[in-house]
Number of protein chains: 2
Amino acid sequence: MAQMNSVVGDLWGNAEKISNFILRAKEFQVDIINFPELIICGYPPEDLLLKPHFVRDNLKALNAVISSTKDITAVVGFVDKDKEGRIFNAAAIINNKELKGIYHKMELPNYGVFDEKRYFQRGEKFSLFKLENVSFGVNICEDIWKDKGAANLEAESGAKLLINLSASPYHVGKRRLREKLLVKRAKETGSFICYTNLVGGQDELVFDGGSLVIDPKGEIIASGKQFQEDFVIVDLDIDLILKSKLNFQRKAKIKSIIFLPRNIAKKPALAKRQFLKRLTPLEEIYGALVLGTRDYVNKNGFQKVVIGLSGGIDSSLTAVIAYDALGKDNIMSVSMPSRYSSEATQSDAKILSENLGIKLIVIPIDTIFKAYLMVLEKEFVGLKRDVTEENLQARIRGNILMALSNKFGWLVLTTGNKSEISCGYCTLYGDMAGGFNILKDVPKTLVYKLARFRNKKEGRELIPGSILTREPSAELRPGQKDKDTLPPYSVLDPILKSYIEKDKSYEEIITEGKLDPNLTKKVIQMIDRNEYKRRQSCPGIKITPKAFGKDRRMPITNRYREF
Amino acid sequence: MAQMNSVVGDLWGNAEKISNFILRAKEFQVDIINFPELIICGYPPEDLLLKPHFVRDNLKALNAVISSTKDITAVVGFVDKDKEGRIFNAAAIINNKELKGIYHKMELPNYGVFDEKRYFQRGEKFSLFKLENVSFGVNICEDIWKDKGAANLEAESGAKLLINLSASPYHVGKRRLREKLLVKRAKETGSFICYTNLVGGQDELVFDGGSLVIDPKGEIIASGKQFQEDFVIVDLDIDLILKSKLNFQRKAKIKSIIFLPRNIAKKPALAKRQFLKRLTPLEEIYGALVLGTRDYVNKNGFQKVVIGLSGGIDSSLTAVIAYDALGKDNIMSVSMPSRYSSEATQSDAKILSENLGIKLIVIPIDTIFKAYLMVLEKEFVGLKRDVTEENLQARIRGNILMALSNKFGWLVLTTGNKSEISCGYCTLYGDMAGGFNILKDVPKTLVYKLARFRNKKEGRELIPGSILTREPSAELRPGQKDKDTLPPYSVLDPILKSYIEKDKSYEEIITEGKLDPNLTKKVIQMIDRNEYKRRQSCPGIKITPKAFGKDRRMPITNRYREF
């Protein structure tokens, strides 16, 4: 299993990497090497698929890969095209420099972050492949999730090994779901399952790898690492396959059996099986955030990032994750105190930057703030200060970060968390200004857990303890606290989860959570009213079952009221 | 045909409006009244459909409508749900306070701006309805676009009248496409077609109405107005239906025939057929922009808008469209001159505001600009001025507009056009800061045409002639002109159309357009590199076959290079 990190659109770069994996596999005398779904073009290629020349170029890149398969069998994801110009999410079954067969994905996911029916035609048939006396079938991602789907049909036709090419994005708990499903599928089909998953970040998504080989009894016999590239070699116990006492009826009609020659000159090495300790949920989430950040920054051609450090928990955790993703020399931090900034937060920002060894630039904003107030004085005469002046400060900071970004080519990381973005407790063009938002899908209570987790791993207070214990404040007016506007995060976050991730109604939320109706109404109103802000937010990393972005497509113009 | 303007999510408001249309229809002794697709919940409801309680509430609203149908037949679009909780894009056929039948849309569009397969199950069957001796069939939008689809099946089963409920969004040329298709369908089926289209703006989309009744010979016998609500009553020539010499084989298997009682007490009035002059393309586009603006502003609960007037063509046309959409008292304009603003543009902004009779606030930005430069001096020491300082000015203006928005509750209209947004010739959080972008899908060459069209209609230079003739400039540095960065718009716009709307390759574009390869490469690079900016842009009105937004879903992280 070549658990590879591809780049969307980088057809030739991906093809070269695939060929290098194949070379490496040959050194290990591998019989069959498998790659993730659509590995040639990266996943998801989105509307690049609507460009006919993109599909043509992907076929050219596939041909380059085919020429590198002397004496080996490779299963490679690509975009296929038929004579009518219709396209398919496909797998090429290649043997000894020849394309022996093509499988078209049958189940096209079109929910959540997936839009496959926008692009692809559904596959209708499958072939069985035979390498010596071992029959195997090939299918793609969603195909194996469907009961009585392609995987089952292939097994019923005699496949003793099911090869699944996947691009399954991460969210909390996803790996457990996958394991459970694949173990069930292996048992019910009596086949080995070889599940090769993509790894890497692509805009909002992180593919976590964690590829799996499962035997016909449902035992996991090998697994790939999560959140990094991996190359997993496993010798399948052919005898177990052939002597399998499990008898399954051959129900499905086999379209064709394609025989693949095996290079008999070589002797199979007895590769060591790879067993990995499962990551804890916090390790997983942290790993997803680090990989998602690194890949967004680097795949988009940036080297350095800049972060506004307020001395609060969100910007602190953002800086630490960026540090883990990119290294200390690539993190620039900026402290931008105003008349409302406390000494404590400014000092904490400084300590954090020292702990990380990252550069801290200090740019006070009060001169600029005064200039705005003066210029607007005439229009605002006689009016009370309100959120306008708070937003101005946030926007001055956004402008300063963007000026540094423009001048030095640093990518601005925004620091908002899911709780505040849900409620619109953030300023458009202010703290929302930037290219990537690491914590966009991380609720505030989880921000704290991740900070503590990271400190614990470090064995010291990398993030100063005072940041973890201080009451959250935006410091945009005297004595301001988050709780003036929002319920406590321990109350807020479960409401957000019910309303956003689970699509529960107001009635269900107050009943199930035994919650105050007025507080709950206020939260739901805040979420609904701030769709326009989220529409203009930068991308961030999906870690929950439903993130903002293409995972949740709400109209801005929307008069639906639940109460 | 009740060509109604619904509001997404406003189930009870829509239901009330539907009932009022029914009341009105009864006054005119109408037999059958038809409404557009999903009229109960508005179109497109997007992820509201994933809320089970939203679907339940839509059924309750439908029931309220049913109770208002005494002595009349009504065909009403709604969301249906089966016992398994699967949902359908549906039409209710209601007669005399009873739900007589339900049709489920068979063809679910999942391309362009459409995501119907994300939500809906496909319908599998249809019924025929009989009012006295007239058989009719019901189908929904895309169903009638498909060759040999539901409309044809219904006609083959004996339907002499095909009722189609639509929510067909506007783009240039769409009306002609629709007419052509419906005329063809009427002729081939030998049936009357009654095509009731939605009207109104919803986020990026404008539904243009223009409902049609076409007779079996393919003659348009009535049509609804474009870009406004309309109520079209037409007496179909029953004899023509019954005596039709056109003989069509009855091929399709009829699932059921449902007989609907007609209120025989009433005498049909001979309603006058409504023939409308077709709008010219510029009239259509202008109408779409006005309606899209009015509905976005009002449906989102705003009354007043604020526009930064630079004295350039884009902000001028934006102001005039807003003026036409909302009235002069609801338009606030702001002139924000800098050291680089010319007297000519400032004077033009003033003249325009006087021509429109709108308030003009003047806020010079140089004090604030100096404050930024001073504060950033230390970081920027020894470095040349570049786009950083240009962006700062644009962002100061964005902040001022947002401050006015925050203080007074005015919606900020941004003024960018499709040409500059395509090339990223605009500043994130600067001139891109705001809630709605009227010209987002209008190429610069079309901006000029629309301005001239509007002046001509006014019979005078509502937009000062000097604005139309002055060479475009962002006025962010001394002597700056658009042409320093971009090719002439007459060259640029056709490239943008080929690359963005038609998905043509670099090779095709230079060959077909006989274009300079280097210039074309530069344009394509600008488009590709600026996806991140567009991702953070506010919504605007789709008027071309492919707009930015949900119509074009490109990855930000994308290394595909065509050359």
Side-chain angles (χ1 to χ4, degrees), chain A residues 7-11 13 45-48 50-51 53-54 110-111 117-118 202-203 296 299-300 361 363 367-368 371-372 374-376 379-380 383 386-388 391-392 395 398-400 402-404 406-407 429 433 435 503 505 532 535-539 552-560 562, chain B residues 7-11 13 45-48 50-51 53-54 110-111 117-118 202-203 296 299-300 361 363 367-368 371-372 374-376 379-380 383 386-388 391-392 395 398-400 402-404 406-407 429 433 435 503 505 532 535-539 552-560 562:
Chain A
V7 180
V8 163
D10 191 12
L11 304 169
E46 301 190 79
D47 278 10
L48 285 170
L50 302 182
K51 295 176 186 273
H53 47 290
F54 177 77
N110 206 68
Y111 54 83
K117 288 181 182 170
R118 180 174 173 88
Q202 169 63 25
D203 289 353
Y296 189 86
K299 289 181 178 179
N300 280 294
I361 302 167
I363 303 182
T367 316
I368 303 172
Y372 274 106
M374 199 189 73
V375 158
L376 288 163
E379 301 305 321
F380 289 180
L383 298 171
D386 58 13
V387 74
T388 308
N391 283 340
L392 261 177
R395 290 187 179 122
N399 286 5
I400 289 172
M402 289 305 296
L404 294 167
N406 288 158
K407 194 64 97 184
Y429 326 126
D503 282 316
S505 70
Y532 75 100
R535 195 66 69 95
Q536 294 190 44
S537 63
C538 66
R552 184 175 185 268
R553 307 178 189 179
M554 293 298 283
I556 297 177
T557 307
N558 167 19
R559 285 209 195 137
Y560 182 54
E562 314 207 1
Chain B
V7 180
V8 163
D10 191 12
L11 303 169
E46 301 189 80
D47 278 10
L48 285 170
L50 302 182
K51 295 175 186 274
H53 46 290
F54 178 77
N110 206 70
Y111 54 82
K117 290 181 182 170
R118 180 174 172 88
Q202 170 62 27
D203 289 352
Y296 188 86
K299 288 180 179 179
N300 279 294
I361 302 168
I363 303 182
T367 317
I368 303 172
Y372 274 105
M374 199 187 75
V375 159
L376 288 163
E379 301 305 322
F380 289 0
L383 298 171
D386 58 13
V387 74
T388 308
N391 283 340
L392 261 177
R395 291 188 179 121
N399 286 6
I400 290 172
M402 289 305 297
L404 294 166
N406 288 157
K407 195 62 98 185
Y429 326 127
D503 282 315
S505 69
Y532 76 100
R535 196 66 70 95
Q536 293 189 45
S537 63
C538 65
R552 183 173 184 269
R553 307 179 188 177
M554 294 298 282
I556 297 178
T557 307
N558 166 19
R559 286 209 194 138
Y560 182 54
E562 313 206 2

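Protein chains get the first letters and strands the later ones, always in sequence-line order, with residue 1 at the start of each.
Between Thr557(B) and Gln202(A), the shortest heavy-atom distance links the atoms O-NE2, 2.9 Å. Closest approach of Leu48(A) and Pro555(B) over heavy atoms only: CD1-CG, 4.0 Å. Of all heavy-atom pairs spanning Gln536(B) and Gly435(A), the tightest one is NE2-CA, 4.4 Å.
For Arg552(A), the side-chain contact (heavy atoms from CB on, under 4.5 Å) partners are Tyr499(A), Ile500(A), Ile527(A), Glu531(A), Arg534(A), Lys546(A), Phe548(A), Met554(A), Asp47(B), not counting sequence neighbours. Remark: Tyr532(B) engages Leu428(B), Asn530(B), Ile556(B) in a side-chain contact (heavy atoms from CB on, under 4.5 Å) (not counting sequence neighbours).
Interface remark: Leu376(B) contributes side-chain atoms only to the contact with chain A (heavy atom separation under 4.5 Å). Both the backbone and the side chain of Met402(B) come within contact range of chain A, judged by heavy atoms closer than 4.5 Å. Within the 4.5 angstrom heavy-atom criterion, atoms from both the backbone and the side chain of Val375(B) approach chain A. For Ser537(B), the part sitting under 4.5 Å from any heavy atom of chain A is the backbone (N, CA, C, O) and nothing else. Only the side chain of Leu11(B) comes within less than 4.5 Å of a heavy atom in chain A; its backbone stays farther off. Only the backbone of Tyr111(B) comes within contact range of chain A, judged by heavy atoms closer than 4.5 Å. For chain A, the nearby part of Pro45(B) is the backbone; its heavy atoms alone come within less than 4.5 Å.
Within the model, atoms OG1 of Thr388(B) and CG of Asn399(A) stand 12.0 Å from one another, a figure rounded to the nearest 0.5 Å. One distance of note links CG of Asn391(A) with CG of Asn406(B); it measures 4.5 Å at 0.5 Å rounding.
Screening Val8(A), Asp10(A), Asn300(A) for a side chain to side chain contact (heavy atoms under 4.5 Å, CB included) involving Arg559(B) leaves a single residue, Asp10(A).
In this structure the side chain of Glu46(B) never reaches within 4.5 angstrom of the side chain of Asn558(A), judged on heavy atoms. Residues Glu379(A) and Lys407(B) are not in side-chain contact: their nearest non-hydrogen atoms beyond the backbone lie 4.5 Å or more apart.
Using bins of under 30°, 30° to 60° and over 60° for the plane-to-plane angle, the ring pair His53(B)/Tyr560(A) lands in the tilted bin. Relative orientation of the Tyr429(B) and Tyr429(A) rings is tilted, given thresholds of 30° and 60° on the angle between their planes.
Comparing Arg553(A), Arg395(A), Arg535(A) by heavy-atom pairs within less than 4.5 Å of chain B, the highest count is held by Arg553(A).
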